[in-house]
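Take a look at the structure below.
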Amino acid sequence: MTKKIKVGISTLTESANRFIDAWHKSEQREPVREEELLNFEDIDTLLRVLTPVRWTLLQSLRREGPMSIRSLSKLLERDYKNVHTDVQELMRIGLLTPTKDGLIMVPWDTIIAEVRLAAA
């Protein structure tokens, strides 16, 4: 089964409305579509957190498999401290997770980024 996460922009109100809608459907025993979402409040925040360097980190780690931060920094030919900072931020938002043996991994097969150009 492919694990996907959808990354985008959503106001607090939009997120709350999605939650309320799912809650009401659940109360009525209607099917609720499960989906993993990572929403940012605006495009500036999204781009500040998901930088091109961090996308490269995610792609490399997904391609190579779980590894230590030190191994990842060598693979990326980047300073350990900077890679560590990036890994911590990506773990904080859920795009990276630790393995049982302390390595880091990308738990997603696909990250779908969607940004509306105009209000819906």
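Fair warning: this is a prediction, and the values are worked out from it, not measured in the lab.
Between the CG atom in Leu46 and the CD1 atom in Ile9 there is a gap of 5.5 Å [rounded to 0.5 Å]. Atoms CZ and CG, from Arg54 and Leu47 in turn, are 12.0 Å apart once rounded to the nearest 0.5 Å. To the nearest 0.5 angstrom, Ile69 atom CD1 is 11.0 Å from Arg78 atom CZ. Between atom CE of residue Met105 and atom OG1 of residue Thr99 there is a gap of 8.0 Å, rounded to the nearest 0.5 Å. Lys74 NZ to Met67 CE: the interatomic distance, rounded to the nearest 0.5 Å, is 11.5 Å. One finds the CG atom of Asp109 at 4.5 Å from the CZ atom of Arg62 (value rounded to the nearest 0.5 Å).
Between the side chains of Thr85 and Asn82, not a single donor N or O lies within less than 3.5 Å of an accepting N or O.
Under the rule for a side-chain contact (heavy atoms from CB on, under 4.5 Å), the partners of Ile111 that lie at least two apart in sequence or sit in another chain are Ile5, Val7, Trp55, Leu58, Leu95, Trp108. In this view, Pro98 and Met91 satisfy the side-chain contact (heavy atoms from CB on, under 4.5 Å) rule, not counting sequence neighbours.
By the criterion of side-chain heavy atoms lying less than 4.5 angstrom apart, applied directly or through intervening Ile, Leu, Val, Met, Phe, Trp or Tyr residues, Leu76 is grouped together with Leu61 in one hydrophobic cluster. The same ILVMFWY cluster, assembled from side-chain heavy atoms under 4.5 Å apart, contains both Ile93 and Ile43.
In terms of modelled atom types and a separation under 3.5 Å, the side chain of Arg70 and the main chain of Tyr80 share no donor-acceptor contact.
Closest approach of Pro107 to Leu96, counting heavy atoms only: CD-CA, 4.1 Å.
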